[in-house]
Peer 1: 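Got a structure here, written out as structure tokens. Questions coming.
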Amino acid sequence: MDRYRLAFGHRWVQGAGLFLAALPLIAADSLWIPPYEYPYADVLSPAVYHQRRQQLLRSLGPRSLLLVVAAERHLRNGDVYYPYRQNSWLWYLTGIPEPNTILLLSSEGIQVQEQRVHALAFIPERNPRHERWEGARMGPVEAERLLGITALPRSAFDSLLLQILATTDTLYLLGLPTPLLRLPVSGRPFSIEQQETEWLRERFPQLVARRGFPPLVQLRAQKDTAELRLLRRAIAITGEALQALWHTARPGMSERDLQILLESELRRRGAEDVAFPTIVAAGPNACILHYTNGHRRIADGDLVLIDCGAQYAGYAADITRTIPISGYFTAEQRTLYNIVLEAQDSAIAACRPGVPFALPHQRAVAVLERRLRQLGILDTGSNVRHYFPHATSHHLGLDVHDVGPTDTLRPGYVITVEPGVYVPPGSPCDQRWWGIGIRIEDVVHITDNGAEILSAAIPRRPEEVEALLHVNRP
Ligand code: GLY
Ligand code: MN
Ligand code: MN
């Protein structure tokens, strides 16, 4: 209620919030602007962003401009929006969390008052009327103060861009909304990129516009010290939350119960969000790779596959553990669990700089193929892809499936190693295997001469998992 007292200066208006909210906020505009606080607990130093931009500028040819557009806000209905998340390009280069922002990186520099800058952000100015509804926002002043980037009001962008483009030969565009839409009635394609390119071509015939900028993909793949710290924190939070969940998970709970418990444990430890929709899949649901339905009541004897990750200061964890809800693996579950573990150990052992990106996957497949054949699950007529239909590794960073080259592993890469075996009911093998789904997913950092498992503290051996499940159980 303090807000209303401040705004109107009358005690009698307290409690009349809804009515007041509908009034034009004339007086409020001049009286109160909420203080701005950066929404993420961990703020990187301006020097980190500066260094990334400098590194990128060194790869930008003469008369070149990199233009990064912020993620769009997505309307859910009426005036209600989906939670906003900045796109990872802009996040990586600036840390600015605001929509309607644009970043320019210019090889030639842009004159802003007395100085020539190579990085310039355009951010909507603060607006007390909007902020009464939606809370404080970062404006150009806050961006300069907190993140150390030269910033102008978004309204200055249009005219300045036209001047800059007149002396630009190559324009790299990043963050454009969904590149290709299908119009819903006619089915005709509509390309935002094409529309923008045509607009540019008409006005600036000398200009070559390109989508994306490969040096930025390479830079994002090779994690810097600041990123490794945030990734370690996201992974530690996720590991602690998983173990807290193991202490409380019991048969009779629903998959959704476990999801909610896990996510509250993540948030209690500082995660601002989940990095992707949490997967809690019990029994045969574990054979559905990205299962999120959540309705199954977990039965005695079920395996539960939990694939989850905190988002911490923008960075994603991505960990999977598969646990026997009753506290012990059955013989069949243990057999398959151990071959997934063996495949994972073999894949992790292959992680080192200079080898093909696909090598850990090939190692995992080789183990699974051999073991499934020995068990008679895979016969000569069937393919291992029936039981292991996904890849073993992807880059991890600001995005759960992060950008990065997939030719060779290089120092600084952070990748997942996540083999699995899934035997959907009805598979061409003995019925005793049906309905078992297991994935074990860890995160590996490729170092100068080998690899480091960033998630090593999260137990994954079957005896360790069982021991943790027995804590708090009679
Ligand atoms: N959580 C999605 C994945 O493991 O790739
Ligand atoms: Mn995962
Ligand atoms: Mn993954």
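Start at 1 with the first residue, then count along the sequence. Whatever order the structure lists them in is the order used to number ligands and atoms, beginning at 1.
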Peer 1: Is the ring pair Phe122/Phe157 parallel, tilted or perpendicular, if the boundaries are 30 and 60 degrees?
Peer 2: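 Perpendicular, since the angle between the ring planes exceeds 60°.
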Peer 1: For the Mn ion (ligand 2), what is the closest N, O or S atom on Asp318?
Peer 2: OD1
Peer 1: Below 4.0 angstrom from a heavy atom of Asp307, which ligand 1 atoms are there? Numbered from 1 as shown, please.
Peer 2: 1 (N), 2 (C), 3 (C), 4 (O)
Peer 1: Against heavy atoms of His394, which atoms of ligand 1 measure under 4.0 Å?
Peer 2: 3 (C), 4 (O), 5 (O)
Peer 1: Examine Tyr40 together with Trp91 and report whether their ring centres are nearer than 6.0 Å.
Peer 2: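 Between Trp91 and Tyr40, which both carry aromatic rings, the centre distance is below 6.0 Å.
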Peer 1: Identify the closest protein heavy atom to atom 5 (O) of ligand 1: which residue and atom is it, and at what distance?
Peer 2: His401 NE2, 2.7 Å
Peer 1: May I have the angle between His394 NE2 and Glu418 OE2 with its vertex at the Mn ion (ligand 3), rounded to 10°?
Peer 2: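 That angle works out to 80° after rounding to 10°.
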Peer 1: Nearest protein heavy atom to atom 4 (O) of ligand 1, by residue and atom, and its distance?
Peer 2: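 Checking every protein heavy atom, the shortest distance to atom 4 (O) of ligand 1 gives Glu418 OE1, 2.9 Å.
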Peer 1: Restricting to N, O or S atoms, which atom of Glu441 is closest to the Mn ion (ligand 2)?
Peer 2: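 Considering only N, O and S atoms, Glu441 comes nearest to the Mn ion (ligand 2) through OE1.
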Peer 1: Show me the donor-acceptor pairs, under 3.5 Å and distance only, between side chains in residues 353-367 and residues at least two apart or in other chains.
Peer 2:
from	atom 1	to	atom 2	distance (Å)
His361	ND1	Thr392	N	3.2
His361	ND1	Thr392	OG1	2.7

Peer 1: Could you measure the distance from the CZ atom of Arg267 to the CD atom of Gln311? Nearest 0.5 Å is fine.
Peer 2: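 That separation rounds to 9.5 Å.
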Peer 1: Counting from 1, what ligand 1 atoms have a heavy atom of Glu441 closer than 4.0 Å?
Peer 2: 4 (O)
Peer 1: Could you label the plane-to-plane angle of the His395 and Tyr413 rings as parallel, tilted or perpendicular, counting under 30° as parallel and over 60° as perpendicular?
Peer 2: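 Ring orientation, 0 to 90° scale: perpendicular.
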Peer 1: With respect to His290, determine whether any N or O atom, backbone or side chain, lies less than 3.5 Å from an N or O atom of ligand 1.
Peer 2: no
Peer 1: The test is side-chain hydrogen bond (donor to acceptor under 3.5 Å, both in side chains); show your working for Glu418 and Thr320 and say whether it passes.
Peer 2: CA-CA 8 Å; Glu418 48 177 310; Thr320 308; 5.1 Å; no
Peer 1: With backbone taken as N, CA, C and O and side chain as the heavy atoms from C-beta onward, which portion of Thr320 lies under 4.0 Å from ligand 1: side chain, backbone, both, or neither?
Peer 2: neither
Peer 1: Are more than 12 heavy atoms, taken from residues, nucleotides or ligands other than Asn383, located less than 6.0 Å from that residue's CG atom?
Peer 2: yes
